[in-house]
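Here is the structure we will look at.
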Amino acid sequence: MVWNVRALRLASWIALGVPALVACGGSEPPPQTADNPPPLDDDDAPSGGGAAAQPSSGKVKEGMDAIQAGDFAKAKTVLTEATQANPKDPQAAFYLGVADEGLGDGKTAAEDYRKALSLDPKLAEASTNLSGVLLDLEDAKGALEAAEAGLKVAPKSPSLLRNRAVALDATGSKDAPAAFKAALAAAPKDGEVRYLYGESLARSGDEAGAVKELMPLTESDDVAVLASTGRLLGKLKAFDGCVRALDRAVSKKDVAELRVQRGICKHGKKDDKAAEADFVAATTADPKYAPAHYYLGQQKLADGDKKAAKAELQKAAELDTGALGQAAKKALSEIK
C-alpha cells in the first residue's frame, strides 16, 4: 500500500521583539525582527508517497492514483464511494483521510484516520497521520495519545517518535528534550528533528546543549533549516554559528530576510561594518522590507549619522504598521 507519512513542517522564522540597536561596542545585539516572514520552504502538502502494495479494491486504487496526482477532490469522491461500498475497509478510510487532509479539512481527516484505526488498530501509518493532523489542529494532548498508541505497534517509527516529541513540547512537558533525543536517534540525518531538539533544549534552559545540537545544521543544504538555525543560534548568542549558517543560506538564496538576520548576528560579533553592508544589501534587494530599513537606521544611529538614521527609520515606520513600525517611531522620537 502507498502510505502517506506526513512530514512535520519546520517551525522556521521565530518572531520576537525589536528593541533598539545600541551604539556601544559591548552592547547586546537586537533581537530578531518583530514581523513573521513566510517560511522559505512551504511545500507541506500531503502526498501519497511510499512503497506500493496491493490496494484493497479498484476504487481504492483509483483514489490512491488521484492522491499521487494531487487531485484530492477526485480522490475524496472515489474514496467516499469505496467506504460506502465497504464500510469495514481500513484502506479506504485511511486514504479518504489523506484526501481530506489534502483538501485542507483537518477535522474530517482526523475522523477518517480514527475510523481506519478502529478497523485496524495496527495501522501505524494512520496513527502517524492522526497525530500529525492533531498537531496542526493544536490538539497536543490528542496528538500525544495518537502517537503513543501508534508506538505500541511501531516502537521505532521515526515519524511517530517525532510527533510524540512535538506533542510533549507543545504541552510544556519536561520530557520533551528526551523525546526529541529519541526521535533523533531514530532518524539521525533528519535536520528538522535536530532543529526541534535544539529548540526544545533552549526552552528547557540548556543553552549549551542547544548550541551543540544546532551547530551541525550550519552545514545543511536546506535553506529553511539554515535560516531557522541561524536565527536560533543568534538568539542563543552563538554568533559565529549564526553567521556560518546564514553565509550558507545566502549563498543559496540571497534575499533581504536572510541578509538582515546575518547583519544582526554580525553586529553580535561586533563587526558593525559587515553588519551595515548586509542591511544596505537588504534594502537594495527589497526596498519595501521594513526590517532592513529599521536595522540600517539603527546602525546609522550607532555610527553617529543622525540624518541617515532618521531617513531609514522613517521608511521603516511608513512600511510597517505593527510592532516594528512602532519601534521605529519610538527610535525617531528619541533622536535629538
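The model shown is predicted, which means the values in this text are computed figures rather than measured ones.
- Residues Glu213 and Leu184 form a side-chain contact, since some pair of their non-hydrogen atoms from C-beta on lies under 4.5 Å apart.
- Rounding to the nearest 0.5 Å places CG of Asp222 at 7.0 Å from CD of Glu192.
- Without hydrogens or angle criteria, Thr80 side chain to Lys76 main chain gives a donor-acceptor distance under 3.5 Å.
- The hydrophobic cluster containing Leu79 does not contain Leu119, counting ILVMFWY residues as joined when their side-chain heavy atoms lie under 4.5 angstrom apart, directly or transitively.
- Side-chain atoms of Asp272 never come within 3.5 Å of backbone atoms of Ala275 as a donor-acceptor pair (strictly under, hydrogens ignored).
- Distance CG/Asp112 to CG/Leu96: 4.0 Å, rounded to 0.5 Å.
- By the 4.5 Å heavy-atom criterion applied to side chains, Asp286 and Val255 are not counted as neighbours.
- A distance of 9.0 Å separates NZ of Lys115 from NZ of Lys88, quoted to the nearest 0.5 Å.
- When only modelled atom types and interatomic distance are considered, Thr108 and Asp100 share no side-chain donor-acceptor pair under 3.5 Å.
- Atom CZ of Arg231 sits about 12.0 Å away from atom OG1 of Thr229, to the nearest 0.5 Å.
- Using modelled atom types, one finds a donor on one side chain and an acceptor on the other under 3.5 Å when comparing Glu101 with Tyr113.
- Between Asp278 and Arg259 a salt bridge is recorded (basic side-chain N to carboxylate O distance below 4.0 Å).
- The closest donor-acceptor contact from the side chain of Thr128 to the backbone of Ala124 lies under 3.5 Å.
- By the neighbour-count criterion of 12 heavy atoms within 6.0 Å, atom NZ of Lys252 is densely surrounded, having more than that number from other residues, nucleotides or ligands.
- Note on Phe94 and Val78: separate hydrophobic clusters, where clusters join Ile, Leu, Val, Met, Phe, Trp and Tyr whose side-chain heavy atoms are under 4.5 Å apart, directly or indirectly.
- Residues Leu226 and Leu246 have side chains not in contact (no heavy-atom distance under 4.5 Å, counting atoms from C-beta outward).
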Derivation of the side chain to side chain contact (heavy atoms under 4.5 Å, CB included) call for Thr283 and Tyr289
CA-CA 7 Å; Thr283 62; Tyr289 186 56; over 6 Å; no
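- Residues Val250 and Arg262 are in side-chain contact: their nearest non-hydrogen atoms beyond the backbone lie under 4.5 Å apart.
- A salt bridge does not link Lys300 with Glu312: every distance from a Lys NZ or Arg NE/NH1/NH2 to an Asp or Glu carboxylate oxygen is 4.0 Å or more.
- Under the 3.5 Å distance criterion, with hydrogens and angles disregarded, a donor-acceptor pair is assigned to the side chains of Tyr294 and Gln298.
- In this structure, CG in Asn86 is found 10.5 Å from CD in Gln91, a value given to the nearest 0.5 Å.
- Here Lys61 pairs with Asp65 in a salt bridge; the nearest charged N to carboxylate O distance falls below 4.0 Å.
- A 4.5 Å side-chain heavy-atom check between Lys74 and Glu62 finds at least one atom pair inside the cut-off.
- One distance of note links CG of Asp139 with NZ of Lys107; it measures 10.5 Å at 0.5 Å rounding.
- Side-chain atoms of Thr171 come within 3.5 Å of backbone atoms of Leu168 as a donor-acceptor pair (strictly under, hydrogens ignored).
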